[in-house]
Enquirer: 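I'd like to ask some things about the structure below.
Atoms considered below: every heavy atom in the structure, side chains included; atoms not considered: hydrogens, waters and symmetry mates.
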Amino acid sequence: MEKAIVEAAETHCSKTKSLAFTSNQLKMIAVVAMLFDHCVIVFIPHSLEIYHLLRMPGKLTAPIMCFLIAQGYYHTSNLKRYIGRLFGMAVISHIPFTLFFGYNPWEIWRATDVLWTLLLGLLALTVYHRKGWSIWKRIFFIGICCLLAYSADWNYVGVLLVLFFGIFHEDRNLQTMSHIVVSCLYGVQAVFYGASFVARIGVFFSIPFLRRY
């Protein structure tokens with residue numbers, strides 16, 4: 001009887017491990033989803049109804065990246081270098097992003113790419129953990145991070161995802177709840193921005209993957 005119980009437990013653990021994802025695997029899932037999304041944007045006519053449905057899988061990329069940025073905050077050996085590397089990549093990617101979409105690269109207040117959002121999310125999480133700062137001072141500077149991300153891809157939604165993934169990094173259920181709340185905000189944005197609500201439903205596709213990290 002005891003042997004059967006042990007074997008059953010080992011089988012359950014083996015199945016659980018086989019369904020788990022490492023950070024590198026999550027990155028590959030995010031990259032593949034992003035590549036698919038970009039192919040849809042380029043090759044599928046935007047007037048077709050199926051276009052919005054095909055945009056759904058690509059929406060899981062940003063939450064995964066936000067999650068990994070938050071994980072990186074706790075695992076990096078040098079936070080300043082981590083922030084510096086992210087800043088450097090944000091600067092490099094800003095120019096091709098803005099030129100591709102027809103913006104002036106110097107007018108950063110009009111548009112920039114998602115790496116600025118990830119950077120500001122990391123800064124917001126850093127502010128949250130700032131020792132010696134009052135709660136109101138931290139809220140103020142987190143608000144500044146959200147405001148600065150307004151023109152960036154995924155804007156303050158991405159900042160909030162990084163922040164809450166980091167705050168609740170030890171509680172997967174609270175991470176999921178905050179993910180759902182912020183993602184609902186992302187869906188509501190579609191009404192004001194004239195974006196596709198259907199496509200934005202895809203943001204919830206990332207939840208099963210993140211719960212298996």
Enquirer: Are the side chains of Leu53 and Val198 in touch, meaning some heavy atoms are under 4.5 Å apart?
Expert: yes
Enquirer: Specify the closest pair of heavy atoms between Arg138 and Trp133, including all atoms of both residues, with the distance to one decimal.
Expert: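 In terms of heavy atoms, the two residues are closest at NE-O, 3.5 Å.
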Enquirer: What's the spacing between Phe141 CZ and Leu148 CG if we round to 0.5 Å?
Expert: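 Reported value, rounded in 0.5 Å steps: 11.0 Å.
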Enquirer: Determine whether Cys184 and Phe204 make a side-chain contact, defined as any pair of heavy atoms from C-beta on separated by less than 4.5 Å.
Expert: yes
Enquirer: In a table with atom names and distances, give each donor-acceptor pair under 3.5 Å that connects a side chain of residues 28-42 to protein atoms at least two apart or in another chain.
Expert:
{"unit_1": "Asp37", "atom_1": "OD1", "unit_2": "Arg55", "atom_2": "NE", "d": "2.5"}
{"unit_1": "Asp37", "atom_1": "OD2", "unit_2": "Arg55", "atom_2": "NH2", "d": "3.3"}

Enquirer: Testing the basics here: between Cys145 and Ala124, what is the closest heavy-atom pair and its distance to 0.1 Å?
Expert: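 Closest approach of Cys145 to Ala124: SG-N, 3.9 Å.
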Enquirer: Is there a path of hydrophobic side-chain contacts, each under 4.5 Å between heavy atoms of I, L, V, M, F, W or Y residues, that connects Ile144 with Ile108?
Expert: yes
Enquirer: Compile the donor-acceptor pairs under 3.5 Å between side chains in residues 153-160 and protein atoms, sequence neighbours left out, one pair per line.
Expert:
{"unit_1": "Asn155", "atom_1": "OD1", "unit_2": "Val157", "atom_2": "N", "d": "3.3"}
{"unit_1": "Asn155", "atom_1": "OD1", "unit_2": "Gln189", "atom_2": "NE2", "d": "3.0"}
{"unit_1": "Tyr156", "atom_1": "OH", "unit_2": "Gln189", "atom_2": "NE2", "d": "3.0"}

Enquirer: When you measure from the side chain of Glu107 to the backbone of Asn104, do you find a donor-acceptor pair of N or O atoms at a distance under 3.5 Å?
Expert: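 It does not hold such a pair.
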Enquirer: Ser23 and Tyr213: which non-hydrogen atoms are nearest, and at how many Å?
Expert: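 That closest heavy-atom pairing would be N-CE1, 3.7 Å.
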Enquirer: Side-chain donor-acceptor contacts of residues 81-94 below 3.5 Å, not counting sequence neighbours, with atom names and distances?
Expert:
{"unit_1": "Tyr82", "atom_1": "OH", "unit_2": "Ile69", "atom_2": "O", "d": "3.3"}
{"unit_1": "Ser93", "atom_1": "OG", "unit_2": "Met89", "atom_2": "O", "d": "2.9"}
{"unit_1": "Ser93", "atom_1": "OG", "unit_2": "Ala90", "atom_2": "O", "d": "3.3"}
{"unit_1": "Ser93", "atom_1": "OG", "unit_2": "Asp113", "atom_2": "OD1", "d": "3.2"}
{"unit_1": "Ser93", "atom_1": "OG", "unit_2": "Asp113", "atom_2": "OD2", "d": "2.7"}
{"unit_1": "His94", "atom_1": "ND1", "unit_2": "Thr112", "atom_2": "OG1", "d": "2.7"}
{"unit_1": "His94", "atom_1": "NE2", "unit_2": "Pro105", "atom_2": "O", "d": "2.5"}

Enquirer: Taking the side chain from Arg212 and the backbone from Ile207, do they hold a donor-acceptor pair closer than 3.5 Å?
Expert: no
Enquirer: Could you walk me through whether Phe67 and Phe165 pass the ring-ring contact (aromatic ring centres under 6.0 Å, His included) check?
Expert: CA-CA 6 Å; Phe67 177 82; Phe165 282 145; 5.5 Å; yes
Enquirer: With rounding to the nearest 0.5 angstrom, report the CG to OG distance, Leu161 to Ser178.
Expert: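 Going from CG on Leu161 over to OG on Ser178, the span is 7.5 Å.
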Enquirer: Are Trp106 and Tyr103 joined in one hydrophobic group, where the rule is that I, L, V, M, F, W and Y side chains link up if heavy atoms are under 4.5 Å apart?
Expert: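 In one cluster: no.
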Enquirer: Please name the pair of heavy atoms, one in Ser206 and one in Ile64, separated by the smallest distance, quoted to 0.1 Å.
Expert: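 Where Ser206 meets Ile64 most closely, the heavy atoms are CB-CG1, 4.1 Å.
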Enquirer: Are Leu147 and Leu185 connected into the same hydrophobic cluster when the rule is that any two of I, L, V, M, F, W, Y join if their side-chain heavy atoms are below 4.5 Å apart?
Expert: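 Leu185 and Leu147: separate clusters.
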Enquirer: Which heavy atom of Tyr51 sits nearest a heavy atom of Pro45, and at what distance?
Expert: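 Heavy atoms only, the tightest pair is CB-O, 3.6 Å.
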Enquirer: Under the side-chain contact (heavy atoms from CB on, under 4.5 Å) criterion, do Tyr186 and Lys59 qualify, and how do the steps go?
Expert: CA-CA 11 Å; Tyr186 181 62; Lys59 298 301 181 183; 3.5 Å; yes
Enquirer: Do Tyr128 and Leu163 make a side-chain contact, defined as non-hydrogen atoms from C-beta onward lying under 4.5 Å apart?
Expert: yes
Enquirer: Applying a strict under-4.5 Å side-chain criterion to I, L, V, M, F, W and Y, I'd like to know whether Phe197 and Val188 cluster together.
Expert: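 Yes, Phe197 and Val188 fall within the same hydrophobic cluster.
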Enquirer: Below 30° counts as parallel, above 60° as perpendicular, anything between as tilted: where do the rings of Tyr73 and His129 land?
Expert: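 Correct class here is parallel.
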Enquirer: Contact between Asn173 and Arg211 at the side-chain level, heavy atoms closer than 4.5 Å - yes or no?
Expert: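 Of all side-chain heavy-atom pairs linking Arg211 with Asn173, at least one is under 4.5 Å.
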Enquirer: I'd like to know if Phe192 and Ile201 are part of one continuous hydrophobic network [Ile/Leu/Val/Met/Phe/Trp/Tyr, side-chain heavy atoms within less than 4.5 Å].
Expert: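 Ile201 and Phe192: one cluster.
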Enquirer: Is the number of heavy atoms from other residues, nucleotides or ligands under 6.0 Å of Leu48 CG greater than 12?
Expert: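 Yes - once you tally the heavy atoms of other residues, nucleotides and ligands closer than 6.0 Å, there are more than 12.
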Enquirer: Is it the case that over 12 heavy atoms from other parts of the model lie below 6.0 angstrom from the OH atom of Tyr74?
Expert: yes
Enquirer: Under a 4.5 Å cut-off applied to non-hydrogen side-chain atoms, are Leu210 and His179 in contact?
Expert: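 Contact flag for Leu210/His179 side chains = yes.
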Enquirer: What I'd like to find out is whether the side chain of Met65 reaches to under 4.5 Å of the side chain of Val114, using heavy atoms alone.
Expert: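 Result no, sub-4.5 Å side-chain heavy-atom pair not found.
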Enquirer: Could you give me the CA-CA distance, side-chain angles and deciding distance for Ile139 and Trp136, then say whether side-chain contact (heavy atoms from CB on, under 4.5 Å) is met?
Expert: CA-CA 5 Å; Ile139 290 175; Trp136 295 113; 4.0 Å; yes
Enquirer: If you count heavy atoms of other groups shown closer than 6.0 angstrom to CZ of Arg172, is the number above 12?
Expert: yes
Enquirer: Please name the pair of heavy atoms, one in Met56 and one in Phe205, separated by the smallest distance, quoted to 0.1 Å.
Expert: CE-CZ, 3.5 Å
